[in-house]
Amino acid sequence: MKILANDGIAPNGKALLEAAGFEVVTEKVAQEDLPQELPHYVGIIVRSATKVREALIDACPELKFIARAGVGIDNIDHEYARSKGIAVINTPAASSQSVAELVFGHFFSLARSVHRSNFELRAADGDFKGLKKSYAKGIQLRGKTLAIVGFGRIGREVARIGLGMGMKILPVDLMVEEADLSVDLHESYDGSLERKIKTVSLEDALQTADFLTCHVPSLKGALIGTEQLATMKSTAILVNTARGGVIDEAALLDALNQGTIGGAGLDVFVGEPTPNRELLEHPMISVTPHIGASTVEAQANIGQELADKITAYMKG
C-alpha cells in the first residue's frame, strides 16, 4: 500500500506509517503530473502546496484517502472526495500551540517595532541614536485587551498565553457562549490555573481590542473589511495567521496608510506564494511566510496524528 507524501512528512510520521505496513514516497510530484502518478497510490498526504481538486480525484478511482498535514482543507475538494467514498483527514490538534505562539511573535514585534528596527539598524547607514529615539514609544501587552475571533483550538491556545500575559480576553465565536480554560504550568510546578471565559459580539471586540487575532476557516468574503477596521482603535494591532483574505488586504492597507489602525501581522496572504508586494514592504506590517505550524514540535505532532488517523482508517 503506497502513500504519496507529496509535500513531505515528519520523520516520525513516516516511520510510524512504514511500521504499519505502508510504503511512504516523499519524492515530490509536480501538480501537472499528479493525474498520471497518483492512481498508483492508495492515499496522498499534502500540506498547502499540492491541490487535490475534482478532476484529480476523478483520475484516481482507487484512492482511499486524502490527508492534510495541517488544519485547513481548502486546497482539497473535500466534499466531492467524500461523495466518492474517499476519506479526508486533517490534523486540527497538532499545531495549535505553535500557531498561537507565532501570533504573539507578531504582537511583540509590532508592539516594540522589532520588525522595523532590526532591519534598519543592520543597514550600513543605520542611525543607532536616531532609531532609539524613533522607537522609544513601544507598548506592553500586560493589561491590554486581546480579541480572539474564532474560539476553537488555536483561539483557546492564544487565550491561554494572553491570560499568562495578564491580558483581558474577549473571544468571538457564534457557536460558543463560554469556555472553561485551563492554563497548564511548566512541569516543574504543580497544578494549573482555571478560568471561565465568556464570548462577546464581534462589534464589541472590534471597538474594545488593543490586539486582535483571527482563527476562522476560509470564508467566501473578508470577515474584517473597511467597515470593521473603521470601528477599531487607531492604536489597535491585528494579526492574521488563519487564511489569506480573512482580513481584506486592500482595506487593511488603506487603514494603515490613513493611520486608523496601529499595525498588522500577516502569516497568510491572498495569492500565495506571491503576495502583494505592498503588504510585504509596508513598514507597519510584520510578515512571515505561512509558518504558523513550522516548528519541530508541531511537525512531530502532525506526523503522529497523521499516522494514527491513516492507520486507524485503513486498517479499521
Side-chain angles (χ1 to χ4, degrees), residues 1-99 102 152-154 217-218 241 243-244 267-268 272-273 289-316:
M1 294 185 290
K2 293 173 64 178
I3 298 172
L4 176 62
N6 207 43
D7 298 330
I9 184 172
N12 69 318
K14 184 174 186 290
L16 288 167
L17 286 169
E18 289 173 340
F22 297 98
E23 178 185 350
V24 182
V25 178
T26 57
E27 184 176 346
K28 178 77 172 181
V29 176
Q31 185 75 45
E32 62 270 20
D33 295 330
L34 282 171
Q36 291 75 45
E37 296 296 327
L38 191 55
H40 302 298
Y41 296 84
V42 298
I44 182 172
I45 299 171
V46 303
R47 296 185 193 273
S48 56
T50 299
K51 309 295 188 291
V52 186
R53 300 302 184 198
E54 185 174 323
L56 179 57
I57 293 168
D58 285 340
C60 306
E62 302 302 318
L63 198 65
K64 303 300 183 186
F65 70 85
I66 304 164
R68 167 72 161 90
V71 180
I73 53 175
D74 40 296
N75 56 324
I76 302 167
D77 285 345
H78 50 93
E79 291 183 0
Y80 184 75
R82 290 178 176 126
S83 76
K84 294 291 186 177
I86 300 170
V88 178
I89 297 165
N90 67 341
T91 58
S95 58
S96 300
Q97 182 68 43
S98 292
V99 176
L102 181 64
R153 290 181 178 88
I154 298 173
S218 293
T241 59
R243 299 288 181 274
D267 184 53
V268 290
E272 291 182 25
H290 203 151
I291 58 170
S294 298
T295 64
V296 172
E297 295 84 355
Q299 291 307 307
N301 291 341
I302 288 171
Q304 178 78 55
E305 190 172 351
L306 280 175
D308 290 347
K309 288 185 173 181
I310 290 170
T311 301
Y313 175 74
M314 292 295 291
K315 298 192 174 182

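Counting begins at 1 with the first residue of the sequence. Keep in mind that the numbers below use all heavy atoms, side chains included, and drop hydrogens, waters and symmetry copies. None of these values were measured; they are calculated from a predicted model.
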Check your understanding: Do the side chains of L17 and I9 get nearer than 4.5 Å, heavy atoms only?
Key -> yes
Review point. At what distance, to the nearest 0.5 angstrom, does CD of Q97 lie from CD of E297?
Key: 9.5 Å
Review point. What are the two closest heavy atoms between A5 and V24, and how far apart are they?
Key: CB-CG1, 4.2 Å
Exercise for review: May I have the step-by-step check of side-chain contact (heavy atoms from CB on, under 4.5 Å) for S95 and Q299, ending in yes or no?
Suggested key: CA-CA 7 Å; S95 58; Q299 291 307 307; over 6 Å; no
Review point. Minimum heavy-atom separation for A69 to I302, with atom names?
Key: CB-CG2, 3.6 Å
Let me check something: any side-chain donor-acceptor pairs from residues 30-39 under 3.5 Å, sequence neighbours excluded? List them with distances.
residue : atom : partner : partner atom : Å
Q31     : OE1  : K51     : N            : 2.9
Q31     : NE2  : K51     : O            : 2.7

Point to revise | Shortest non-hydrogen contact between A93 and R153, atoms and distance | key: CA-CD, 3.7 Å
Review point. How long is the gap from CD on E23 to CE on M1, to the nearest 0.5 Å?
Key: 11.0 Å
Exercise for review: State, without any angle test, whether E305 and N301 hold a side-chain donor-acceptor pair at a distance under 3.5 Å.
Suggested key: no
**Study point:** side-chain contact (heavy atoms from CB on, under 4.5 Å) between K28 and D7, worked out
**Key:** CA-CA 7 Å; K28 178 77 172 181; D7 298 330; 2.6 Å; yes
Check your understanding: Short question: side chain of N75, backbone of A49 - any donor-acceptor pair under 3.5 Å?
Key -> no
Exercise for review: Have a look at V52 and tell me which of D77, I66, N6 forms a side-chain contact (heavy atoms from CB on, under 4.5 Å) with it.
Suggested key: I66
Review point. Hey, does the side chain of R68 reach the backbone of V46 with a donor-acceptor pair shorter than 3.5 angstrom?
Key: no
Practice item. Measure from the side-chain N and O atoms of K84 to the backbone N and O of D58, and report whether any donor-acceptor pair falls under 3.5 Å. Key: no
Practice item. Say whether, by atom type as modelled, one donor and one acceptor occur between the side chain of D267 and the main chain of G292 under 3.5 angstrom. Key: yes
Check your understanding: Which distance, rounded to the nearest 0.5 Å, do you find between the CD1 of I73 and the OG1 of T91?
Key -> 11.0 Å
Check your understanding: Does the side-chain contact (heavy atoms from CB on, under 4.5 Å) test come out yes or no for M314 and F22, once each step is laid out?
Key -> CA-CA 10 Å; M314 292 295 291; F22 297 98; 3.7 Å; yes
Practice item. Would you give the length of the straight line joining atom NE2 of H290 to atom CZ of R243, rounded to the nearest 0.5 angstrom? Key: 6.5 Å
Point to revise | Donor-acceptor contact present, side-chain N12 to main-chain G303, <3.5 Å | key: no
Check your understanding: Considering only heavy atoms from C-beta outward, does the side chain of L16 approach that of T311 to under 4.5 Å?
Key -> no
